[in-house]
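For reference, the structure is listed below as structure tokens.
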Amino acid sequence: MGEEKKKKSKKSSKDEKKKKSSKKSEKKDDKKEEKKVKKKKSSTKDNNNDKESKKKSKKKSRSSKSSSSKKKSEVIEIKEGVCVICKDESVETEAMGSHCKHTFCLGCLEHMLARPIPGEPKPEDNHLGAPTLGRCPVCNAEVHKFSVKEKVKGKPMYEKDFDIASSPLAGKVYVRKKTDSDRPPLGTFHFDSKELDSKGRMLPYMDFSEPIEHDTKEEIWILNNGEPVPDRKFFEPGCHYDAQTRTFHGSISWKPCRFQGSHRWDIILGFTKDLSALRVGLIHKRKERLGVVAASKDKHQLLYPLDGKWKLTWQDAEGEWQNGTVNVRNNEFRQGPYTFNLMLDDSETAGFRWPLDPIYASAKSGLDLDDKPKGPGIGKRIVWETTHPNFPEMKWHRETIGGEPIQATEHLGPDPYEYVEESALPKEAKDGDDSDDDDSEDGWDDSVSDSSYDSDDSDDSDSSSDDSDSD
């Protein structure tokens, strides 16, 4: 009996073990199935995500392809000679811009160049507001009428008329109309000259006797070497008149010296239809450094090597060190009410002059434009040696490098520089009386206009110089 019980208990224990093992295996199988289900779900999610990402990438690729195709088509249109302004493909005469290779039809080109830039001009366009000047609407490059060329033959589109003596300006003199403005006079424009160039052509001139007489303290009309400005300066050979836009183009050279930092004045005068007054005009005061070949990439750094912000330190008469700031722009800087012009054409004599005194500063160390034509880098120092008794030495520590400067330009036309033909002035005005005459009496007829000056032209628009490179 005892053995049978033992056998039965053994069997029961074995059965229990089998049951337990079977349960464990079932649990393992259940877990495996759960894992498989989870894997399937995750794989389906991944597949869905992949599908969505593929769809998105396809859409992106399609959009990028379409945009690139659009860009390509635009480039192709420009390259194929379509006018960049009116997009006309059937133009008979095609022209290329002076500083770009984009194509213009003759009508759009002349319409753009026959007027000052409309609206409120940007500061960088202050020298591009006179007729015959503008900007390409595609690449923003400057466009100058007398540098535009035919696309096919490459010849200049417009010829210059150098015969001023046979132009409608011959014998005329333009003077500043009397105004209440406190701006000093600039001089008068004379087309009654008897001076001839080497080819026998008449050379007009500017007369500066009035502004020199007005400068009683001899503060303004002084050359950078300290000598007085001559009473009369003739325009350089090559000045010309354009009958289509009624504009005169000429240059006054101040070399071998400079005047107010300028080595040359490029002048454009735009006249009213009856030539009795200036409607718009400019004097572009060229202040870039001469004697350098400037590539387009770093042009402004080579022409204006010291432009930027400098920390100024100097020792006063008591031996105390003082600090200040100098902001150089367009090869000049201001201290108080005075402008200091840098003279950088010759590296060995680089320096500047005090505006009111015959005092000069020359570079003692830190400035060698032959070795480093872009000027010292940020953190570098220039030591200036001066002839001033109170501070014989100054130090500039460079903090920034300047960008492309705003060109110095004097605008003519309405106040404060309204010019009229001398013969159109009333007798009282010629004798020096400030008579309050209306515009019709002095020959200014603003109602008279033609295709060169449409009704949306701005009288106070900015102006610019002719297309001439640095010497």
Side-chain angles (χ1 to χ4, degrees), residues 99 122-127 139-142 224 258 260-263 284-316 319-355 359-388 390-409 469-471:
H99 295 285
K122 298 178 182 178
E124 58 267 25
D125 291 337
N126 72 334
H127 64 298
C139 66
N140 207 38
E142 295 182 11
N224 284 111
R258 286 178 178 251
Q260 298 177 348
S262 303
H263 65 88
H284 182 186
K285 299 178 179 180
R286 304 289 294 270
K287 300 190 176 187
E288 69 272 18
R289 183 178 178 233
L290 299 177
V292 294
V293 179
S296 58
K297 184 179 179 181
D298 50 7
K299 181 177 180 179
H300 68 276
Q301 291 186 42
L302 294 169
L303 298 178
Y304 310 94
L306 300 189
D307 277 22
K309 185 179 179 181
W310 299 77
K311 180 182 177 182
L312 168 64
T313 58
W314 75 94
Q315 202 170 18
D316 60 20
E320 297 291 332
W321 284 97
Q322 305 293 333
N323 296 322
T325 301
V326 171
N327 289 294
V328 181
R329 183 177 176 180
N330 206 4
N331 286 338
E332 64 185 20
F333 62 94
R334 292 185 65 85
Q335 291 289 86
Y338 304 111
T339 300
F340 294 73
N341 304 114
L342 292 167
M343 296 176 284
L344 305 174
D345 296 333
D346 187 351
S347 181
E348 295 182 358
T349 60
F352 54 89
R353 175 185 176 272
W354 260 250
I359 294 172
Y360 295 87
S362 57
K364 182 179 179 181
S365 64
L367 181 62
D368 186 353
L369 294 175
D370 292 333
D371 182 42
K372 295 181 179 180
K374 297 180 185 179
I378 294 175
K380 300 298 182 180
R381 182 183 69 179
I382 299 176
V383 179
W384 300 98
E385 190 175 41
T386 81
T387 58
H388 200 292
N390 294 334
F391 31 91
E393 188 174 282
M394 294 185 299
K395 297 176 183 179
W396 287 12
H397 302 261
R398 189 161 209 167
E399 296 182 347
T400 65
I401 295 175
E404 188 171 353
I406 305 301
Q407 295 297 304
T409 307
D469 297 329
S470 303
D471 294 325

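Two residues are said to be in side-chain contact when any heavy atoms from C-beta on lie closer than 4.5 Å; Leu303 and Val292 meet this criterion. Between Arg289 and Leu369 there is a side-chain heavy-atom pair separated by less than 4.5 Å. Looking at heavy atoms from C-beta onward, Leu306 lies in side-chain contact with Leu367 at the 4.5 angstrom threshold. Two residues are said to be in side-chain contact when any heavy atoms from C-beta on lie closer than 4.5 Å; Lys287 and Glu332 meet this criterion. Residues Leu312 and Asn323 form no side-chain contact, since every pair of their non-hydrogen atoms from C-beta on lies 4.5 Å or further apart. Residues Arg398 and Pro376 meet the side-chain proximity criterion, which asks for heavy atoms closer than 4.5 Å. Proximity of Trp310 to His397: side-chain heavy atoms (C-beta onward) are nowhere separated by under 4.5 Å.
Under a 3.5 Å cut-off, the side chain of Asp345 and the backbone N or O of Leu290 do form a donor-acceptor pair. Looking at Thr386, its side chain does come within 3.5 Å of a backbone N or O of Phe391 through a donor-acceptor pair. Checking side-chain atoms of Gln301 against main-chain N and O of Pro305 turns up no donor-acceptor pair under 3.5 Å. Arg329 places no side-chain N or O within donor-acceptor distance of the main-chain N or O of Asn331, the cut-off being under 3.5 Å. Between the Asn330 side chain and the Gln407 main chain, no donor and acceptor come within less than 3.5 Å of each other.
Considering only residues two or more places apart in sequence or on other chains, Lys309 meets the side-chain hydrogen bond (donor to acceptor under 3.5 Å, both in side chains) condition with none of them. Applying the salt bridge (charged side-chain N to carboxylate O under 4.0 Å, His left out) test to Lys395 and every residue at least two apart in sequence or in another chain returns nothing. Asn224 meets the side chain to side chain contact (heavy atoms under 4.5 Å, CB included) test with Cys257, Arg258, Asn341, Met343; sequence neighbours excluded. Applying the side chain to side chain contact (heavy atoms under 4.5 Å, CB included) test to Glu404 and every residue at least two apart in sequence or in another chain returns His300. Take Pro373 and apply the side chain to side chain contact (heavy atoms under 4.5 Å, CB included) test, not counting sequence neighbours, and it matches Leu302. With sequence neighbours excluded, the residues that form a side chain to side chain contact (heavy atoms under 4.5 Å, CB included) with Arg334 are Thr339. Evaluation of the ring pair (Phe, Tyr, Trp, His ring centres under 6.0 Å) rule for Phe333 yields Phe340, Phe352, Trp396 as partners, not counting sequence neighbours. Contacts of Gln322 classified as side-chain hydrogen bond (donor to acceptor under 3.5 Å, both in side chains), with partners at least two apart in sequence or in another chain: Asp316.
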Step-by-step side-chain contact (heavy atoms from CB on, under 4.5 Å) determination, Val328 to Leu342: CA-CA 9 Å; Val328 181; Leu342 292 167; 3.7 Å; yes
side-chain contact (heavy atoms from CB on, under 4.5 Å) assessment of Glu320 paired with Gln315: CA-CA 5 Å; Glu320 297 291 332; Gln315 202 170 18; over 6 Å; no
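For residues 362-380, the salt bridge (Lys or Arg N to Asp or Glu O under 4.0 Å) pairs, not counting sequence neighbours, are Asp298-Lys374, Lys364-Glu393.
Minimum heavy-atom separation, Ala350 to Trp384: O-CZ3, 4.0 Å. Considering all non-hydrogen atoms of both residues, Tyr338 and Pro355 come closest at CB-CG, 3.7 Å.
Ring centroid separation for the pair His388 and Trp354 comes in under the 6.0 Å cut-off.
Between atom OG of residue Ser365 and atom CD of residue Glu385 there is a gap of 9.5 Å, rounded to the nearest 0.5 Å.
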